[in-house]
Asker: 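Here's a structure for you.
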Amino acid sequence: MDAVVSELEGTLLKDRDPFSYFMLVAFEASGLLRFALLLIFWPVIWLLEMLGMGEYGLKLVVFVATAGVSESEIESVARAVLPKFYMDGIDMEAWKVFSSYDKRVVVTKMPRIMVERFVKEHLRADEVIGSELVISRFGFATGFVKGNTIDSYISSRVAKLFIDEKPGLGLGTITSSFLSLCKEQIHPPFMANQNQYDHQLVRPLPVIFHDGRLVKRPTPSTALLIIIWMPLGIILATIRILVGLMLPMWAKPNLSRVLGGKVIVKGKPPPPASGGNSGVLFVCTHRTLMDPVVLSTVLRRKIPAVTYSLSRLSEILSPIPTVRLTRIRNVDAEKIKTELAKGDLVVCPEGTTCREPFLLRFSALFAELTDQIVPVAMNYRVGFFHATTARGCKALDPIFFFMNPRPVYEVTFLNQLPVEATCSSGKSPHDVANYVQRILAATLGFECTNFTRKDKYRVLAGNDGTVSYTSFVDQIKKVVSTFKPFFH
């Protein structure tokens with residue numbers, strides 16, 4: 001079996017410096033104080049690198065980022081946060097070479113726990129060899145790594161793995177010590193015309209679910225900007241929230257522009273229900289908990305929104321009425337019918353948010369309750385902080401959204417579904433839900449998936465044992481192989 005051994009930093013990842021990934025661990029596993037502390041040490045780390053003492057610099061980074069952090073928390077960040085940022089930095093030419101071999105091994109100077117999940121699940125590596133954190137008997141990282149030197153430790157592990165036969169190819173920088181154990185060596189940059197490495201694995205498995213508050217990878221300059229902005233962002237968020245609670249809906253669009261926000265509206269919204277008619281059901285894609293609020297702001301009237309797991313603080317801060325659902329189908333159906341009898345209503349049938357350009361499976365309940373369905377494609381852009389979380393405190397979601405300097409929302413109204421596309425024409429609720437999912441995905445340029453809320457929380461939080469990991473991987477492979485909508 002032909003084997004390839006590739007370095008992660010500077011080869012499969014374009015950036016040789018792993019500092020920003022440790023900054024992510026510091027921020028997501030410990031908070032702002034450790035994040036700031038690690039940034040303070042960056043000049044020392046950079047100086048050690050310039051003096052040819054990068055090994056000591058790396059050990060210092062590992063110590064500051066992980067000392068005292070529980071092993072389970074580091075694993076959680078590696079599962080839910082880091083894969084997105086790793087994927088953004090992938091060198092596709094290196095990936096083509098790497099993926100063309102039968103046996104694939106990745107070498108990294110970062111702790112193995114930080115990269116193993118991403119490398120095995122998304123790059124489909126067979127083995128991961130990295131530095132190993134020393135974990136105390138209480139399950140906390142000591143901040144130290146095994147072995148006298150990281151390079152010699154990694155080289156010895158590679159030699160043991162290939163004790164019978166040398167790997168056919170080594171990918172890495174000129175200074176990579178493990179390359180001497182390989183029959184052939186290739187160094188970056190990789191050439192796009194290396195046709196001999198064409199392979200059926202066209203691209204890595206995409207990252208569909210990810211968590212964490214930071215939008216951008218925290219390089220030293222970006223991290224400094226985030227720290228400087230934080231107090232200003234908190235003040236700005238407080239002003240935005242207070243103004244949003246006090247002002248009437250018709251006045252909010254103009255003021256949002258003054259405070260740095262922007263809403264882009266496309267399509268023509270329907271008029272409000274009148275004359276005793278039942279209301280319109282706005283079926284929205286679910287990007288953040290602000291979706292119904294933004295929709296009400298655009299329509300300049302308060303439209304109630306049905307919710308599943310909104311925090312009490314978010315309910316208090318919400319400028320629109322919220323209707324909490326129970327996930328008991330018949331009870332929820334009666335609640336929605338009652339609200340529609342009063343007027344218009346907003347529902348996000350995905351049941352949870354998704355940050356990437358994918359739509360989760362739509363619950364079919366909404367299609368059973370009314371034929372007056374108006375699909376609305378919602379999307380957003382933020383600069384610093386994500387306004388959704390699976391692992392963190394959901395009550396802070398609206399605050400983080402408003403802490404962004406210039407949050408932008410895009411709202412696209414589609415035409416109301418014709419009668420022949422609703423259940424009244426004989427279509428099943430699942431068919432109607434899938435059709436609405438499909439047209440919303442086409443409007444946004446997204447892909448439809450069959451993933452659910454349970455799938456998301458199983459991947460990000462690891463707290464739902466009812467969804468098997470195997471089914472999750474199988475569905476990702478379907479997305480990669482076809483990039484076409486698939487339904488239940």
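Owing to the predicted nature of the structure, the values given are computational and were not obtained by experimental measurement.
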Asker: At their closest point, which heavy atom of F118 faces which heavy atom of I90, and how far apart are they?
Answerer: CZ-CD1, 4.1 Å

Asker: Go through the steps to decide whether S6 and T11 satisfy the test side-chain hydrogen bond (donor to acceptor under 3.5 Å, both in side chains), and finish with yes or no.
Answerer: CA-CA 7 Å; S6 176; T11 303; 5.1 Å; no

Asker: Which heavy atom of M87 sits nearest a heavy atom of P206, and at what distance?
Answerer: CE-CA, 4.4 Å

Asker: Going by the ring pair (Phe, Tyr, Trp, His ring centres under 6.0 Å) test, name the single residue among F27, F22, W42, F41 that passes it with F35.
Answerer: F27

Asker: In terms of heavy-atom contacts, does CG of N254 have more than 12 from other residues, nucleotides or ligands at under 6.0 Å?
Answerer: yes

Asker: Please evaluate residues F384 and V215 with respect to the criterion side-chain contact (heavy atoms from CB on, under 4.5 Å), reporting the C-alpha separation (whole Å), side-chain torsions for both, the decisive distance (0.1 Å), and the verdict.
Answerer: CA-CA 5 Å; F384 281 161; V215 173; 5.7 Å; no

Asker: Taking the six-membered ring for Trp, are F358 and F446 closer than 6.0 Å centroid to centroid?
Answerer: no

Asker: Any side-chain to backbone donor/acceptor pair from R104 onto R124? Under 3.5 Å, distance only.
Answerer: yes

Asker: Side chains of T307 and T322 only: does a donor on one sit below 3.5 Å from an acceptor on the other?
Answerer: no

Asker: Can a salt bridge be assigned to the pair K120 and D126 using a cut-off of 4.0 Å between side-chain N and carboxylate O?
Answerer: no

Asker: Considering non-hydrogen atoms only, spot the tightest contact between R287 and L359 and give its length.
Answerer: NH1-CD2, 4.4 Å

Asker: Could you walk me through whether L259 and R240 satisfy the side-chain contact (heavy atoms from CB on, under 4.5 Å) test, starting with their C-alpha distance in whole Å, then the side-chain angles of each, then the deciding distance to 0.1 Å, before giving a yes or no?
Answerer: CA-CA 7 Å; L259 294 176; R240 284 169 168 169; 4.0 Å; yes

Asker: Less than 4.0 angstrom from a charged side-chain N to a carboxylate O is my criterion; do D211 and R355 meet it?
Answerer: yes

Asker: Taking the six-membered ring for Trp, are F209 and Y457 ring centroids under 6.0 Å apart?
Answerer: no

Asker: Only one of V62, V119, T108, V25 forms a side-chain contact (heavy atoms from CB on, under 4.5 Å) with M114, so which one is it?
Answerer: V25

Asker: Using a strict threshold of under 4.0 Å (side-chain N to carboxylate O), is an ion pair present between R381 and E410?
Answerer: yes

Asker: Taking all atoms of both residues into account, what is the closest heavy-atom pair of L32 and M230, and its distance?
Answerer: CD2-CE, 3.9 Å

Asker: Is it the case that over 12 heavy atoms from other parts of the model lie below 6.0 angstrom from the CG atom of L51?
Answerer: yes

Asker: Atom CG of L13 and atom CH2 of W95: how far apart are they, to the nearest 0.5 Å?
Answerer: 12.5 Å

Asker: CG of L48 to CG of L58: how many Å apart, nearest 0.5 Å?
Answerer: 11.0 Å

Asker: Can you confirm whether the side chains of T452 and R361 place a donor and an acceptor under 3.5 Å from each other?
Answerer: no

Asker: Please tell me whether F63 and F144 form a close aromatic pair, meaning their ring centres lie under 6.0 Å apart.
Answerer: yes

Asker: When you measure from the side chain of N404 to the backbone of R406, do you find a donor-acceptor pair of N or O atoms at a distance under 3.5 Å?
Answerer: no

Asker: More than 12 foreign heavy atoms under 6.0 Å from NZ of K262: is that the case here?
Answerer: no

Asker: Kindly check if the number of other-residue, nucleotide or ligand heavy atoms within 6.0 Å of CH2 (W46) is above 12?
Answerer: no

Asker: Heavy atoms only: give me the nearest D455-N450 pair and the separation to one decimal.
Answerer: OD2-O, 4.3 Å

Asker: Tell me whether T66 contacts the main-chain N or O of A141 through its side chain, where contact means a donor paired with an acceptor under 3.5 Å.
Answerer: no

Asker: Quick one: SG on C284 to CD on E350, what's the gap to the nearest 0.5 Å?
Answerer: 10.0 Å

Asker: Please check if the side chain of K252 supplies one atom and the backbone of G244 the other of a donor-acceptor pair under 3.5 Å.
Answerer: yes

Asker: Does the side chain of T173 pick up a donor-acceptor pair with the side chain of S176 at under 3.5 Å?
Answerer: yes

Asker: Which distance, rounded to the nearest 0.5 Å, do you find between the OG of S72 and the CZ of R79?
Answerer: 9.0 Å

Asker: Do other residues, nucleotides or ligands put more than 12 heavy atoms under 6.0 Å from the OH atom of Y56?
Answerer: no

Asker: If we ignore hydrogens and angles and just use 3.5 Å, is the side chain of R34 paired with the main-chain N or O of V64 as donor and acceptor?
Answerer: yes

Asker: Begin with the C-alpha distance, continue with both residues' side-chain angles, and end with the deciding distance and a verdict on side-chain contact (heavy atoms from CB on, under 4.5 Å) for F401 and F385.
Answerer: CA-CA 7 Å; F401 177 82; F385 309 108; over 6 Å; no

Asker: So how far is it from L179 CG to E7 CD, rounded to the nearest 0.5 Å?
Answerer: 7.5 Å

Asker: Considering only NZ, NE, NH1 and NH2 on the basic side and carboxylate oxygens on the acidic side, decide whether E127 and K103 come within less than 4.0 Å.
Answerer: no

Asker: Assess, by modelled atom type and distance only, whether the side chains of T388 and K394 contain a donor and an acceptor separated by less than 3.5 Å.
Answerer: no

Asker: Give a yes or no on this: more than 12 heavy atoms of other residues, nucleotides or ligands lie within 6.0 Å of atom NZ of K216.
Answerer: no

Asker: Can you tell me if E55 and T149 form a side-chain donor-acceptor pair at under 3.5 Å?
Answerer: no

Asker: Kindly indicate, with the supporting measurements, whether the criterion side-chain contact (heavy atoms from CB on, under 4.5 Å) is fulfilled by F451 and K456.
Answerer: CA-CA 7 Å; F451 297 133; K456 170 185 169 180; over 6 Å; no

Asker: Could you tell me whether the side chain of S70 and the main chain of E73 form a donor-acceptor pair under 3.5 Å?
Answerer: yes

Asker: Return the minimal non-hydrogen interatomic distance between L289 and P398, and the atom names on each side.
Answerer: CD2-CD, 3.9 Å

Asker: State the CD1-OG1 distance between I226 and T219, to the nearest 0.5 angstrom.
Answerer: 8.0 Å

Asker: Between S76 and R391, do the side chains contain a donor N or O and an acceptor N or O under 3.5 Å apart?
Answerer: yes

Asker: Which one of T297, T288, N379 satisfies the side chain to side chain donor-acceptor pair (under 3.5 Å) criterion with Y409?
Answerer: T288

Asker: For the pair E165 and K183, find out whether any cationic side-chain nitrogen is under 4.0 Å from an anionic carboxylate oxygen.
Answerer: yes

Asker: Given side-chain hydrogen bond (donor to acceptor under 3.5 Å, both in side chains), test S155 with S152 step by step and report yes or no.
Answerer: CA-CA 5 Å; S155 294; S152 61; over 6 Å; no

Asker: For L12, is there any backbone N or O sitting under 3.5 Å from a side-chain donor or acceptor partner on D91?
Answerer: no

Asker: Do the charged groups of E356 and K84 touch, with an N to O distance under 4.0 Å?
Answerer: yes

Asker: Check for a donor-acceptor pair, side chain of H187 on one end and backbone N or O of G172 on the other, with a separation under 3.5 Å.
Answerer: yes

